[in-house]
Amino acid sequence: MAIRASLLEQIYTVVAQVPAGRVTTYGRIAGMTEGATARLVGTAMRQLPAGHALPWHRVINATRRVADHGGASEQQRLLREEGVVFDGAGRVPARLLWPD
DNA sequence: GACGAGGCTGCTA
DNA sequence: CTAGCAGCCTCGT
């Protein structure tokens, strides 16, 4: 399951630029790359290498909720540690989306 | 070459 | 609010 290196590189670059305490969506990342799609970004996050230093937890879906996957609970925990807040519906305020 | 399956999205009902 | 559906890109069978 390897994504083309060129796309992986762009996805990594974009994700690495998300500031702490902010989040972005798969679709936004896909839009900042050339050829990637939201689906592909999700796949890229899924198969991250063990020693990665990527803030994958700052990537959420278009409904501003944490995607339903194996590490969802940990993802929310990490985000809250950075000061990201969740409303009653478990969603992140639009003002925390990056870029603005 | 076909098919199914993914941390998705936007539209329509 | 939920459900269904067609696009989207890549990989393993």
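Note on naming: letters A, B, ... go to the chains in the order of the sequence lines (proteins, then strands), and numbering restarts at 1 for each one.
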Distance check needed: [N] [atom2] versus [X] [atom1], whole Å only.
{"X": "A:H69", "N": "B:dC8", "atom1": "NE2", "atom2": "P", "value": "8 Å"}
{"X": "A:M45", "N": "B:dA5", "atom1": "CE", "atom2": "C1'", "value": "18 Å"}
{"X": "A:R4", "N": "C:dC9", "atom1": "CZ", "atom2": "C1'", "value": "9 Å"}
{"X": "A:I29", "N": "B:dT9", "atom1": "CD1", "atom2": "P", "value": "10 Å"}
{"X": "A:I11", "N": "C:dC8", "atom1": "CD1", "atom2": "C1'", "value": "13 Å"}
{"X": "A:R39", "N": "B:dG4", "atom1": "CZ", "atom2": "C1'", "value": "11 Å"}
{"X": "A:L97", "N": "B:dT9", "atom1": "CG", "atom2": "P", "value": "11 Å"}
{"X": "A:E9", "N": "C:dC9", "atom1": "CD", "atom2": "C1'", "value": "18 Å"}

> Do A:P99 and A:R28 come within less than 4.5 Å of each other through their side chains, counting heavy atoms only?
Replying inline: yes
> A:W56 and A:V15: which non-hydrogen atoms are nearest, and at how many Å?
Replying inline: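 Where A:W56 meets A:V15 most closely, the heavy atoms are N-CG1, 4.4 Å.
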> What is the minimum heavy-atom distance between A:V66 and A:A72, and which atoms define it?
Replying inline: CG1-O, 3.8 Å
Within the structure shown, what part of the strands sits under 4.0 Å from [X] by heavy-atom distance: base, sugar-phosphate, or nothing?
{"X": "A:R64", "answer": "nothing"}
{"X": "A:V59", "answer": "base"}
{"X": "A:G35", "answer": "sugar-phosphate"}

> In the strands shown, is C:dC8 matched to any nucleotide by a Watson-Crick or G-U wobble pair with both distances under 3.5 Å, and which?
Replying inline: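 With both distances under 3.5 Å required, C:dC8 matches none.
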Which one, [options], comes nearest to the side chain of [X]?
{"X": "A:N61", "options": "C:dC9, B:dC8, C:dC1", "value": "B:dC8"}
{"X": "A:L40", "options": "B:dC8, C:dC9, B:dG10", "value": "C:dC9"}
{"X": "A:T37", "options": "C:dC9, C:dT10, B:dG10", "value": "C:dC9"}
{"X": "A:T43", "options": "B:dG6, C:dC8, B:dC8", "value": "B:dG6"}
{"X": "A:R91", "options": "C:dT10, B:dT9, C:dC1", "value": "C:dC1"}

> What distance separates A:L96 CG from A:T24 OG1, expressed to the nearest 0.5 Å?
Replying inline: 11.5 Å
>> Checking the side chain of A:R64 only, and the main-chain atoms of A:R91 only, is there a donor and an acceptor separated by less than 3.5 Å?
In response: no
